Amino acid sequence: MDSTTLQKFLSPIALGGLRHFDSIGSTNNEALAWALNGAADFSLVSADEQTAGRGRSRRKWVTPRGAALAFSLILRPSASESASPSLITGLGAVALVDALRSLGLTAQIKWPNDVLINRKKVAGILAETSWSGDKLEAIVLGIGVNVLSASVPPPAELSFPATSVEAELGQTSERFDLLRNTLQLIAHWRERLATGELLEAWNQSLAYKGQQVRVWQGAETALIGVVDGLEADGSLRLQVDDKFVTVHFGEIHLRPA
Ligand code: ATP
Ligand code: BTN
């Protein structure tokens with residue numbers, strides 16, 4: 001879809017602006033640069049292909065041309081969003097889980113930033129912040145979704161099993177319908193971020209609830225505990241033996257034990 005057609009297609013949504021690319025390095029990089037240059041709240045960068053898509057810690061995120069959704073939304077944070085920027089990862093995840101549900105798919109959120117279907121990763125979320133001194137100027141909410149089977153990298157490139165909407169649904173679906181629906185749901189859940197409703201929905205879709213997982217940071221020894229739920233700021237609460245331990249956002253990895 002070209003920029004003008006996409007603009008029309010997304011017109012029911014109050015976007016601050018739109019930049020759509022056939023191919024780009026990373027939509028998050030473009031969005032961070034645009035945010036520095038005055039992008040309005042809810043401005044969208046999207047691309048048909050990313051050549052340098054990023055996950056956390058600069059790990060590679062693969063986005064082959066025309067097979068996936070890759071987009072980054074620029075948020076100018078309100079006071080409550082500035083107070084809990086980590087909830088923005090949950091905002092993207094909950095909106096996407098809802099959008100997938102409307103296609104008939106049940107998805108879960110592997111804390112902190114992955115969306116799974118049938119225990120396989122279908123999407124990743126990368127929320128990044130832009131600061132001016134101690135003022136949070138913008139949050140870039142980057143979302144990559146494997147829509148067609150062709151978007152799933154070969155197993156040798158993966159640290160966790162992956163899937164696509166097409167593989168899970170057993171048929172192809174329209175990428176841009178999913179984009180429009182997800183953006184609408186981000187707007188919907190954003191209004192419920194400060195009320196606790198977003199956190200509740202995130203909690204409900206949390207993967208491995210009541211199950212034992214291993215959580216670790218870098219090469220440090222893994223913590224083994226049972227997933228209990230989320231804290232008010234989106235941190236993860238684990239039950240380890242007879243006490244609760246809070247795991248904060250950061251370079252954390254989580255796997256079923
Ligand atoms: P964690 O270890 O916490 O689960 P992660 O594996 O999700 O982290 P991230 O940095 O969040 O790591 O995501 C990047 C990783 O995602 C890459 O290292 C690669 O294994 C995997 N990956 C890359 N592209 C895709 C894709 N299109 N679909 C699924 N997985 C992908
Ligand atoms: C992850 O699983 O670590 C997160 C992957 C995030 C990928 C999306 S695709 C759109 C945006 N642009 C990027 O370079 N990364 C995010």
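One is the number of the first residue; the rest follow in order along the sequence. Bear in mind that the values here come from a model prediction, so they are computed numbers and not experimental data. Ligands are counted one by one from 1 in listed order, and the atoms in each one are counted from 1 as well.
Protein heavy atom closest to atom 31 (C) of ligand 1, with residue, atom name and distance, is Trp61 CZ3, 3.4 Å. For atom 20 (O) of ligand 1, the nearest protein heavy atom (residue, atom name, distance) is Ser159 N, 3.0 Å. Protein heavy atom at the shortest distance from atom 4 (O) of ligand 1 is Lys110 NZ, 2.6 Å. Of the protein's non-hydrogen atoms, the one nearest atom 18 (O) of ligand 1 is Arg59 CD, 3.4 Å. Scanning all protein heavy atoms for the shortest distance to atom 23 (C) of ligand 1 gives Lys60 O, 3.2 Å.
Counting atoms of ligand 1 from 1 in the listed order, those under 4.0 Å from a heavy atom of Leu158 are 20 (O), 21 (C), 22 (N), 30 (N), 31 (C). Near Val62, meaning under 4.0 Å from one of its heavy atoms, ligand 1 places the atoms 23 (C), 24 (N), 27 (N). Remark: ligand 1 atoms within the under-4.0 Å shell around heavy atoms of Gly55 are 10 (O). Of all atoms in ligand 1, numbered sequentially from 1 with element shown, those under 4.0 Å from a heavy atom of Asn146 are 26 (C), 27 (N), 28 (N), 29 (C).
Salt bridge Asp228/Lys209: absent, no basic N to carboxylate O contact under 4.0 Å. Checked for salt-bridge contact, Arg56 and Asp114 miss the test: no charged N lies under 4.0 Å from a carboxylate O. Taking a cutoff of 4.0 Å between a charged side-chain nitrogen and a carboxylate oxygen, Arg190 and Glu81 qualify as a salt bridge.
For Thr63 and Glu49, the side-chain atoms include no donor-acceptor pair closer than 3.5 Å. Checked by atom type, the side-chain pair Thr163/Glu168 shows a donor-acceptor distance below 3.5 Å. Defined by atom type and a distance below 3.5 Å, a donor-acceptor pair is missing between the side-chain atoms of Glu166 and Thr172. A side-chain N or O of Ser235 and one of Asp233 form a donor-acceptor pair less than 3.5 Å apart.
Judged by distance alone, with hydrogens and angles left aside, the side-chain atoms of Trp202 form no donor-acceptor pair with the main-chain N or O of Glu197 at under 3.5 Å. No donor-acceptor pair closer than 3.5 Å links the side chain of Arg19 to the backbone N or O of Val45. Ser82 contributes a side-chain N or O that, together with a main-chain N or O of Ser78, makes up a donor-acceptor pair within less than 3.5 Å. The main-chain N or O of Lys135 is never found under 3.5 Å from a side-chain atom of Ser132 such that the two would form a donor-acceptor pair. Checked by atom type and distance alone, the side chain of Lys60 never pairs as donor or acceptor with a backbone atom of Arg54 at under 3.5 Å. A distance-only check finds a donor-acceptor pair linking the side chain of Arg76 to the backbone of Glu137 [under 3.5 Å].
A cation-pi arrangement is not found for Arg255 relative to Phe160, the charged atom failing to lie both closer than 6.0 Å to the ring centre and inside a 45° cone about the ring normal.
The parts of Arg56 lying near ligand 1 are both backbone and side chain, judged by heavy-atom distances below 4.0 Å. Residue-level proximity to ligand 1 for Ala162 is carried by the side chain, the only part with a heavy atom below 4.0 angstrom. With a 4.0 Å heavy-atom cut-off, ligand 1 is reached by the side chain of Asp114 but not by its N, CA, C or O. In Glu157, the part holding a heavy atom less than 4.0 Å from any atom of ligand 1 is the backbone. Only the backbone of Ser151 comes within contact range of ligand 1, with a heavy atom under 4.0 Å; no side-chain atom does. Of all the heavy atoms of Arg255, the ones lying under 4.0 Å from any atom of ligand 1 belong exclusively to the side chain. Only the side chain of Asn113 comes within 4.0 Å of ligand 1, counting heavy atoms alone; its backbone N, CA, C and O stay farther away.
The shell of residues lying under 4.0 angstrom from ligand 1, judged by heavy atoms, excludes Ser57.
Sorted by chain and number, the residues within 4.0 Å of ligand 2 by heavy atom are Ser26, Thr27, Asn28, Gln50, Gly53, Arg54, Gly55, Arg56, Trp61, Phe71, Ser72, Asn113, Asp114, Lys121, Gly124, Ile125, Leu126, Gly142, Ile143, Gly144.
Considering Arg54, Lys121, His253 only, the shortest heavy-atom separation from atom 13 (O) of ligand 1 involves Lys121.
Geometrically, ligand 1 and Ile252 share a nitrogen or oxygen pair separated by less than 3.5 Å.
Looking at Leu6 and Ser46, their side chains come closer than 4.5 Å, going by heavy atoms from C-beta outward.
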